[in-house]
Amino acid sequence: MDWSSFTRRYAAKYAHWYAAGFFALIATSWVATTIPLLVADAIDALATPQANEVPWKAVWIALLGVFVILVRTASRVLFFTPGRLIEAELRADLFSRMLMQQPAFLRNYPPGDLISRATSDIGNLRLLAGFGILQFINTALTVGFVGVQMVRISPFLAALTSVPIVIAFLINHSFIRTLFVLIQRMQTETAAISDHVLSSYQGLATVQSFNANGAFLEEFDRKNLAYQASSVHRSGIRAIIGPILGLAASLSIIVLLWQGAPLAAQGKFSAGQFVAYLSLLGMLISPLRATSFLLSVAKQAQVGLQRLSEVMTPEPDRPDLPAPEPAPKSAPKLELRGISFAYPDAPEVEVLHDIHVAVEPGQTLGIIGPTGSGKSTLLRCIARLYNTPPGSIWVDNVDLRRIDLSEWRRQVSVVPQRTFLFSESLKENILLGAPDDGRLEKMLALTTLDVDVQSLPDGVESPVGESGIMLSGGQRQRAAIARGLLKPHHVLLLDDVLSAVDHATEASLIATLRQQRPTTLIVAHRISAIQHAHRILVLEGGRVVDSGTHEELCSRPGFYQDTWHHQQELAET
Ligand code: ADP
């Protein structure tokens, strides 16, 4: 996204607000720079027979002053409102974009970094879209109108008094360049701090149990001090730029007194005009001092736009086709036709090698194998959390990559190994936006959570804390199973989650699945969870090393038979 697409997409629709604000600013600047001339006129009139009109002139000047206050206030409202509206829209767009991204995206942009883009970078764009534009136009108009009025009084003095101001801009040039570099650095440093704070908070239990508080604090201090150093440096530079420009305006006054006073004495212009010139120069001081702030606002916004484009421009890695196929309306046939897969961030390591298998509608496939053999990866590919090679996964004889992704996600219920619970109530975590139509109670009973709920302070309405910290590991896992089963689905993917329930609960869950008959894939370490499956795959190193029914696999030597014997021995002891 560059400035022109930003303007077209976000700012153009507020053109009428900006236009009205612009006219309000022209009116204020024009009237404000006219007032000194009226004062000059009044002063000069004091020495003439029209001196009795001076009080009326004063009333007129006061009324114009009130006009300036009112219209200046209106101009602020007219500029700040679109700034706020643009900010809200940008944030909504960024958030909806984030929700479409695949998991690989988060590895490039950790959460703290995304938060700092959503808050400080968007905030900087708002500052430019509201205050920045207002201040820029205001400065340009004030300098313009003051210049015109000064030239009207004396072109010679106007040229002479502008010399210190031009010199000040030249001196500031290198400071402004340093300022820009610092601003860029500070934005990256803010992101690093947010990320450190967020990850420390998420892993608080680990930090405390390893007594690693000191190391985390030290790292925080290091990041914070780096930011502090850049921030102090930036304030220093701003503190130089502003006063140099302010000083230049004051030097112009000295130039005026030095060159202008003799001219006034010679009667080249009146005492009133001299006073008017003085106050016009005074009007330049504050816009010129504000220039340094304006420059940093503009640069911050430019960096902000660049950082936002980085996360908003890349198309989510899920090519939604122009005319996707609809997802199946009942339990489908799932087929893996020689799927091989490597994660996008480690393309040289093939995690799945040439896997072939078919699961008929409503049937169950069990998957077993040592840790790291690719079981979870296989489920992630079917859930299409990652893009797999075209033609490697087929759903009712349609290539999965051709199926409407949002519809597919609605049909598939995944219960991952690592459950994520939101810091809401247990009920909200299980329903996850679904209506509470009585199935919640059934799911609680099925996962035996109904017993646990009785000991929670507010039952099913109890908050579960950040990431479900107030529940035990087993309770979290069962809440995830309840969530997965409650969602209407035709395909069910269970990633080693049945180990969290006892054998009786496991048996009743499996019986329920048999009744509902979704096409099911169950990854398990415990054979009891998959022995009922129509077919079982044994994975090792990403390859299928054996497959068959429970009875077939038990009858031949290998990983499955060994595991079965080992688990039976354990059960008997
Ligand atoms: P299993 O579920 O059988 O324990 P996984 O499917 O989780 O195995 O992992 C298979 C292999 O893929 C492992 O070597 C693991 O290190 C690697 N892996 C898992 N997730 C990722 C990822 N997001 N990026 C890169 N490699 C990964």
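Order of appearance sets the numbers: ligands from 1, and atoms from 1 within every ligand.
- With a 4.0 Å cut-off on non-hydrogen atoms, Arg380 touches ligand 1 through its side chain and not its backbone.
- Among protein heavy atoms, the minimum distance from atom 6 (O) of ligand 1 is reached at Thr377 OG1, 2.4 Å.
- The distance criterion of under 3.5 Å between nitrogen or oxygen atoms is not met by Ala346 with respect to ligand 1.
- In this model, no donor atom of one side chain and acceptor atom of the other lie less than 3.5 Å apart for Ser116 and Asp113.
- When Cys381, Ser376, Ala342 are checked for heavy-atom proximity to atom 7 (O) of ligand 1, Ser376 turns out nearest.
- With a 4.0 Å cut-off on non-hydrogen atoms, Tyr386 touches ligand 1 through its side chain and not its backbone.
- Distances from ligand 1 to the non-hydrogen atoms of Gly374 include at least one value under 4.0 Å.
- With salt bridges taken as basic N to acidic carboxylate O contacts below 4.0 Å, one links Arg84 and Glu87.
- At a distance under 4.0 Å, a protein heavy atom can be found next to atom 3 (O) of ligand 1.
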Exercise answer: donor-acceptor pairs, residues 327-334 side-chain atoms, under 3.5 Å, sequence neighbours excluded:
| from | atom 1 | to | atom 2 | distance (Å) |
| --- | --- | --- | --- | --- |
| Lys329 | NZ | Ala327 | O | 3.3 |

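- Here's the thing with Thr371: none of its N/O atoms is less than 3.5 angstrom from an N/O atom of ligand 1.
- In this model, no donor atom of one side chain and acceptor atom of the other lie less than 3.5 Å apart for Asn387 and Arg401.
- Nearest protein neighbour of atom 1 (P) of ligand 1, counting heavy atoms only, is Gly372 N, 3.5 Å.
- Closest to atom 26 (N) of ligand 1 among all protein heavy atoms lies Tyr343 CD1, 3.2 Å.
- Using a cut-off of 4.0 Å between Lys/Arg side-chain N and Asp/Glu carboxylate O, Arg222 and Glu219 are scored as salt-bridged.
- Side-chain N/O atoms of Tyr343 and Thr377 include a donor and acceptor closer than 3.5 Å.
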Before you tell me yes or no, could you show the steps for Leu485 and Ser413 under side-chain contact (heavy atoms from CB on, under 4.5 Å), namely the whole-Å CA-CA distance, both residues' side-chain angles and the distance that decides it to 0.1 Å? CA-CA 7 Å; Leu485 294 182; Ser413 199; over 6 Å; no
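- At a distance under 4.0 Å, no protein heavy atom can be found next to atom 15 (C) of ligand 1.
- For Gln417, no nitrogen or oxygen atom sits less than 3.5 Å from a nitrogen or oxygen atom of ligand 1, counting backbone and side chain alike.
- Remark: among candidates Leu378, Val351, Asp495, the nearest residue to atom 10 (C) of ligand 1 is Val351, based on non-hydrogen atoms.
- Atoms of ligand 1 found under 4.0 Å from any heavy atom of Lys375 (numbered from 1 in listed order, with element): 1 (P), 2 (O), 3 (O), 4 (O), 6 (O), 8 (O).
- Side-chain polar atoms of Arg8 and Ser4 form a donor-acceptor pair below 3.5 angstrom.
- For Asp546 and Arg556, the salt-bridge test passes: some basic side-chain N is under 4.0 Å from an acidic carboxylate O.
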